[in-house]
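Both counts, for ligands and for their atoms, begin at 1 and track the order of listing. From a predicted model like this one, the values you see are computed outputs, not experimental measurements. Residue numbers count from 1 along this sequence.
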Amino acid sequence: MGGHPVNLAELDARHVWHPYATVPPAVPTHVVESAEGVRLRLADGREVIDGMSSWWAAIHGYRVPEIDAAITGQLGRMAHVMFGGLTHEPAILLAERLAAMTGYEKVFLADSGSVAVEVAIKMAVQATGKRRLLTVRGGYHGDTFGCMSVCDPVNGMHHIFSGAVAEQVFAPVPPLGYDAPVDQAYVDEVDRLAGDPAVGAVILEPVVQGAGGMRFYNPAYLRAFREICDRHGLLLIADEIATGFGRSGELFGCDHAGIRADIVTLGKAMTGGYMTMAATLTTPEIAERIGLLMHGPTYMGNPLAAAAAGASLDLLAGRPWRAEVGLIEETLRKGLAPAQASVADVRVLGAIGVIECHEPVDMKKAQDTALDHGVWLRPFGKLVYAMPPYSCTEAEVATIAKAMVAAATA
Ligand SMILES: *Cc1c(COP(=O)(O)O)cnc(C)c1O
């Protein structure tokens, strides 16, 4: 830019909107110059471990040679081509692979997780002819209007958009705790709500509620939801965008319960954190009921993203992710235990670690404390949490845990 140095942080503050922020933002943003392995290199020269995997996505870390090569290889053929009436190898092979991995044969390649959820909602409406969804409080399914309507009404700030967001049916938050005993009264309440004749489908994050509160619930509830759907003739949508690809210790969240949904959404880690791409999958029977599906984004099936996803899934298949996630779980459990006495809750499942504080955390203070410990974290509300790349060493995960404890008690 004209050969003279620009102050990027200053320009950013003047022009750029960041997630859930004002311009300029209330909490300063950090310029990242590059990233490699599990580390981000900040413009001020600091190198920090990414405890967030860029929001669940970068499971293999950064500058992964195999994914870099897949994208540059595809770049030499074409970066993009419209998907209406045309098709290409990266998308076809990715769809085949997702179908083989999940058992759902029909694949819609969406351009973001929110779009994948919108498509899932459209599928459910088209297949059932019903307009309403049943979901649980404490959920997160994306930021577009359809998605927002099934997010937690309080966290999702429905009051700002009242009248503009579809009104859905909400069951209470599933009782907290992966191992907590099943509360039959809860199941009965969901069963009662599912009897609403306007409801055609249920949408849930299986076992792990992510951005809506980082809560884990007993997989037995997921089985109960499946039974309730069957009893009332409802479709079950499993939003596996955060839980997919091993994060919770099983390949998919539904695997904890041994159930199958009718429609599944995937995203986040699908491309290893390289490109935006997501997918909505369903069965041939439901695809037939839907018929003409009314959706088609401009960048649908983007070849670069599909190539990245193919390479990322190859890597996942080749790496001992179950053992890696197990080691992260064990290391987070050990490392977060010292916080237990001074915070409201500590919980760990798979490669997800959460500290819930008594009060909302001071984001800047918590973030600066974590950075001083060499770790990038992004707390929200009362939560300090991490989902490290699977490629982290035990020592790196221990460092993340130490930074979380320091950030939560700062
Ligand atoms: C992140 C997320 C989404 C939205 O995905 P985007 O790619 O951010 O649009 C939807 N559902 C769940 C469960 C998520 O974690």
Side-chain angles (χ1 to χ4, degrees), residues 17-21 52-59 102 108-124 133 135-152 155-157 165 168 173-174 201-217 222 225 236-248 250-256 261 263-281 295 297-302 305-306 308-309 312 349-352 354 378 380-381 383 385-387:
W17 239 301
H18 285 269
Y20 316 103
M52 306 300 290
S53 296
S54 276
W55 273 338
W56 313 81
I59 53 175
T102 60
F108 186 101
L109 294 173
D111 43 3
S112 76
S114 298
V115 172
V117 171
E118 294 288 343
V119 169
I121 294 172
K122 279 193 185 180
M123 285 181 177
L133 292 137
T135 187
V136 294
R137 289 179 182 269
Y140 178 77
H141 298 282
D143 290 340
T144 54
F145 274 88
C147 299
M148 229 172 27
S149 75
V150 286
C151 287
D152 183 82
N155 277 337
M157 300 219 257
V165 181
Q168 312 292 12
V173 180
V202 171
I203 182 166
L204 291 172
E205 294 159 279
V207 179
V208 178
Q209 294 190 292
M214 302 299 295
R215 300 161 61 93
F216 314 134
Y217 61 87
L222 201 51
F225 271 97
L236 178 60
I237 304 170
D239 182 352
E240 298 260 18
I241 290 171
T243 44
F245 308 110
R247 178 56 67 181
S248 69
E250 296 287 347
L251 189 54
F252 296 104
C254 284
D255 297 345
H256 286 277
I263 300 171
V264 173
T265 54
L266 302 174
K268 289 199 161 97
M270 196 168 94
T271 64
Y274 267 65
M275 314 271 302
T276 176
M277 181 177 256
T280 313
L281 296 92
H295 214 94
T298 306
Y299 283 94
M300 182 167 175
N302 176 258
S312 175
L349 182 70
I352 310 166
V354 184
R378 176 81 178 164
F380 76 80
L383 305 172
Y385 67 108
M387 43 276 183

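M270 pairs with exactly one of E240, M275, M277 by the side chain to side chain contact (heavy atoms under 4.5 Å, CB included) rule, that one being M277.
Looking only at atom types and distance, the side chain of D239 has a donor-acceptor partner in the side chain of T265 under 3.5 Å away.
Annotation: Y299, atom OH; neighbour count of heavy atoms from other residues, nucleotides and ligands within 6.0 Å does not exceed 12.
With contacts defined as side-chain heavy-atom distances shorter than 4.5 Å, the pair R215/P174 does not qualify.
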What short N/O contacts, under 3.5 Å, does ligand 1 make with the protein, listed by atom pair and distance?
from: ligand 1; atom 1: 5 (O); to: S114; atom 2: N; distance (Å): 3.4
from: ligand 1; atom 1: 7 (O); to: G113; atom 2: N; distance (Å): 2.8
from: ligand 1; atom 1: 9 (O); to: G113; atom 2: N; distance (Å): 3.4
from: ligand 1; atom 1: 9 (O); to: S114; atom 2: N; distance (Å): 2.7
from: ligand 1; atom 1: 9 (O); to: S114; atom 2: OG; distance (Å): 2.6
from: ligand 1; atom 1: 11 (N); to: D239; atom 2: OD1; distance (Å): 3.4
from: ligand 1; atom 1: 11 (N); to: D239; atom 2: OD2; distance (Å): 2.7
from: ligand 1; atom 1: 15 (O); to: K268; atom 2: NZ; distance (Å): 2.6

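Between I352 and M214, the closest heavy-atom pair is CG2-CE, 3.5 Å.
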Before giving the answer on side-chain contact (heavy atoms from CB on, under 4.5 Å), spell out for Y217 and V136 the whole-Å C-alpha distance, their side-chain angles and the decisive distance to 0.1 Å.
CA-CA 12 Å; Y217 61 87; V136 294; 6.0 Å; no

